[in-house]
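Structure record follows, encoded as structure tokens.
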Amino acid sequence: MFAKLIGCGVAALCLSMSNAVAQDAKLGELSIIAPAGAGGGWDSAARAIQQVMTETGIARSIQVLNVPGAGGTVGLAQFATGAGSDANQLLVGGITMVGAIISNNAPVKLDAVKPLARLTGDPLAVVVPASSDIKTIDDLLGKIKSDVAGTVWAGGSAGGADHMLAALLTEAAGEDPSKVNYVAFSGGGEALAAMLGGQVVAGISGYGEWQGQIESGDLRALAISYPEPIEGIDAQPLKAQGVDVELVNWRGIFAAPQVSDEDMAKLTAAFDEMVKSDKWQELLKARGWADYYLPADEFASFLTEETQRIEGILTSVGLAGK
Amino acid sequence: MAEVAPGGHQRWALDRPKLVTGIILLAFAAVTAYDAYSMSFRSAYGLNPNTASYLVAGILAILGIGHFISAARPSEGAAVVEADWKAVGMMGLALASLIACVYFGAGFIAGSTLLFAFTARAFGRKAFIVDVIIGFVIAVLIFLLFNKLLTLTLPMGPLERLI
Amino acid sequence: MLLAGGFAQALTPMNLLFALIGVFLGTAVGILPGIGPALTVALLLPVTFKLDPGGSLIMFAGIYYGGMYGGSTTAILLNTPGEAASVVTALEGNKMARQGRGGPALATAAIGSFVAGLVATIGIAFLAPVIVKVAVKFGPWDYFALMMIAFVTVSATFGNSPLKGLTSLALGLWLGLMGIDGLTGQARLTFGVPELLDGIEVTTLAVGLFAIGEALMVVSMHKTNAEKPMAIKGSIWMSLEDWKRSWKPWLRGAAIGFPIGGLPAGGAEVPTFLSYNLERKLCRDKNAFGNGAIEGVAGPEAANNASAAGTMVPLLTLGLPTSATAAVMLAGFQQYNIQPGPLLFVQHAQLVWTLIASLFIANAMLLVLNLPMIGLWVRLLKIPTPWLYAGILVFAAMGTIAANPSVVELIILVLFGIAGFLMRRYDYPVAPAVVGLILGPMADLQLRRALQISLGDPMVFLNHWSSATMLAIAFIALVAPFVFKGLSRFQAEED
């Protein structure tokens, strides 16, 4: 009975899905590990790569494998031990994974795999409810200075990028970052409700998640954490407003630990081509992601610096693993 | 299952399953309390994350003692029916072979086929080969549905790579 | 009127076909144990990419409703809830199926889902702006108070021994502690296993305790237990009596489910617990519940579906995805450059009304597809027992590894299966464990969140009238039975 039903499902699905197969692809049959469940940020990044690379014919076919768990560290461990020198296996990761490795004290770290390319970067927005007395980022820093405990923040998961930015801002205001009163919510959605309900003072989330409320005037965006101004976003970077803080929620792609230099060059070229394709640029625009591309070598040195910096931030809030 | 304890104290009728459950509950409580005790992080405001751990450990301990008291009382519950342990063991083998197949990389299809066939056998089916074939067909169909159409990858093995 | 325009847009023969395909695919995938609506929608999302926005929205709505409904079918027929929100459905629904009343149980679930979906969709169309204003005011203190009300209702699932019921509940609470604490990032009870850092998946526990535990129990007794419980008895359709007993629970379930679903952290499970308990309290025949009461299927199923529709309120008006399913739907909208949020109703009014019309159509399509299917589903139980349970085990294992392909997850599933077997064998109810795992972490998180915001002042729960009222209700519900018992004993002594 079940089998019959599934058979019908197969037939129906066949009707509606037919992927065009590219003739002369540069890469063979790839499989990308998304170290998160279906539907999450890393999963959608992996599936975006899948879509663009197969449509542009850069890769013949791509399979996305979801390995959720512990901020991506479970997927990382599986990839680092299982991929060996296989150039056809890739892993998606990002700033949250760097943070999770540190706070969970994960046995396998990002130096176990080869950085291939940094792809996207989302700006974080610092916002207050429209009814708040706080009008500028300086007002907010002043509020932190006068009452660090009473400055209740709302944002995403503990130890994530939002939490890091709250700690950096508390430090920038001259207060002890370990005193930051950061209330973690599961994702920007619940944090948004807490903001609109006036239960917290300020909030941090990816700009895209709260874009609607910022444009409608329900929330006031004081600043974004991106280094430069972004077209279409009125809020100015923290740096431009005299606060020396920057933090970008970046996502990148990694290759297997023992991949040969030859394969590495081929992969780097393929990703370079993908990032420059019109399809990728269109997709970035549709998803509201910023292009934050860095090729392999520069990504590697960026990663070293970023890891050190994040370790410092997490230690300051008491979240670094022991 | 009221039983008579060995030795001279014949007036004590102990309910052994309840006694064992009580011991397990106390062990859980101890582990939980130890885990909560060894947590180092203190939250700056409000309650610490180990408050709930202590609360649950407390509940478990109380329930454990409750089981001891209840075990010592004369039991009015119906006796537990004798189980067919051979069949249960066969099903355990079915589940274990699935885990083994996934762990050692034999893949989803092999694992599900064995799971199906051994489970059917546990229920008294004799036609093992027929069941293996049915299980195999179901497993292949599921695999095709997930891997090829829903692009959700099930554990791969040599068989899966052929498809 | 805008809604009429939406219907005009949505009601083309082609779109009706898309709705039908969507409902069919959603039901077919959603029916697999362990694969809840969120995963169903995520998996089938790519299917809709190829269509134009109107057609894909309607197919999407179909998949969504189909996925929601699919979980209850296995809960009723096989005592295997496919997702957390169908756990309560399994309690009475499976009892009904065992008495050969699987047909009416499935019918009341389908029609209840339809009625609740209808009520809730009307709610979305007309009440969304009001509900959302109340919903964002709901603070952590209010959620905690709501959890307390839900906790009190758990006793309804205890069976006849409070000691055993509480033990099962405590097991769930204990499992709920596992993983990284959401507020501080501190790991609890993970024993150094990285796979445990994300905590125990509710579906893994539900599938393990119910499906695998049940299979082990049945096999352990298959020689001594000659009873063949699942024959079809009487009509597979609902009798007049069934209708009479169902229509009020449908409406009450919808009334409970829709507003709670509209809360940003309300969830689909809590309303099903509340509805089950309410129907049990209101049921005149005290022996009906626990022996296959149709009210216990009708109410929770309606509540489940209404809360699913309720999650559309914050999604459409705030762009706030409040459940995993809603988060996946948000990703679906973004494919068409639609950003749900406060401006959606202004900027894309036509599209919103098309979506609402699509929800109506998909809802109706669910009924059209599933009522005739009931006969087919019930016949599922005629499969010889060995193959039936072998099939259940294969599908249960598959659902678990498809969602998370890891050996650790499989081992956890099997351990829960063994626990479920032992609990059944020694007469411990399994449902409270699932309830504990759902409610425990939520209550813990909201309690500490509230105290963090109030800087440790417990008066925060009493200073807000809403949370104070709910806590009072919870307290009364907890002590009232004892007081009444005491009073009646007192009166008995007086006489």
Side-chain angles (χ1 to χ4, degrees), chain A residues 1-2 5-6 8-9 12-13 15-17 37-40 43-44 47 65-71 73-74 77-78 103-104 106-107 149-150 152 157-159 163 181 183-190 192-194 196-200 208-213 215-216 218 286-288 319, chain C residues 21 24-25 28-29 31 38-39 41-43 45-48 50-51 135-140 180-185 187 194-195 197-198 264-265 314 318-322 324 326-328 331 334-335 337 339-344 376 379-380 383 391 395 403-406 449 452-453 455:
Chain A
M1 179 60 55
F2 268 123
L5 192 80
I6 298 236
C8 295
L13 274 165
L15 285 176
S16 46
M17 281 173 83
D43 178 62
S44 43
R47 284 173 203 273
L65 188 67
N66 295 95
V67 186
T73 52
V74 173
Q78 184 177 325
S103 53
N104 300 344
V152 184
S157 61
H163 194 175
N181 193 356
V183 184
F185 288 87
S186 47
E190 271 186 61
L192 175 62
L196 294 175
Q199 291 139 19
V200 295
E209 280 193 79
W210 294 354
Q211 194 172 8
Q213 277 66 34
E215 281 169 11
S216 70
D218 291 316
R287 303 277 174 91
L319 267 175
Chain C
I21 296 175
F24 177 76
L25 290 179
V29 178
I31 208 159
L39 198 53
V41 176
L43 291 176
L45 196 59
V47 179
T48 66
K50 313 271 172 193
L51 311 174
V136 296
K137 290 277 173 232
F138 225 73
I180 292 178
D181 164 43
L183 270 185
T184 60
E195 277 83 357
L197 285 174
D198 279 351
L318 296 176
L320 214 173
T322 55
V328 180
Q334 283 164 345
Q335 286 296 321
N337 284 328
Q339 185 65 48
L343 301 179
L344 183 67
L376 211 63
R379 238 161 271 150
L380 197 66
I383 296 176
F395 279 96
N404 184 359
S406 104
R449 218 174 250 161
Q452 195 183 346
I453 290 175
L455 303 180

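Residue numbers begin at 1 in each chain, while the letters A, B, ... track the order of the sequences.
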Under the side chain to side chain donor-acceptor pair (under 3.5 Å) rule, collect the residues that match up with A/Asn181, sequence neighbours excluded. C/Gln452
Whatever's closer than 4.5 Å to a heavy atom in chain A on C/Ile453 counts as both
If you compare all heavy atoms of C/Lys137 against all heavy atoms of A/Gly197, which two are closest, and at what distance to 0.1 Å? NZ-O, 4.1 Å
For A/Val152, is it the side chain, the backbone, both, or neither that has a heavy atom closer than 4.5 Å to a heavy atom of chain C? side chain
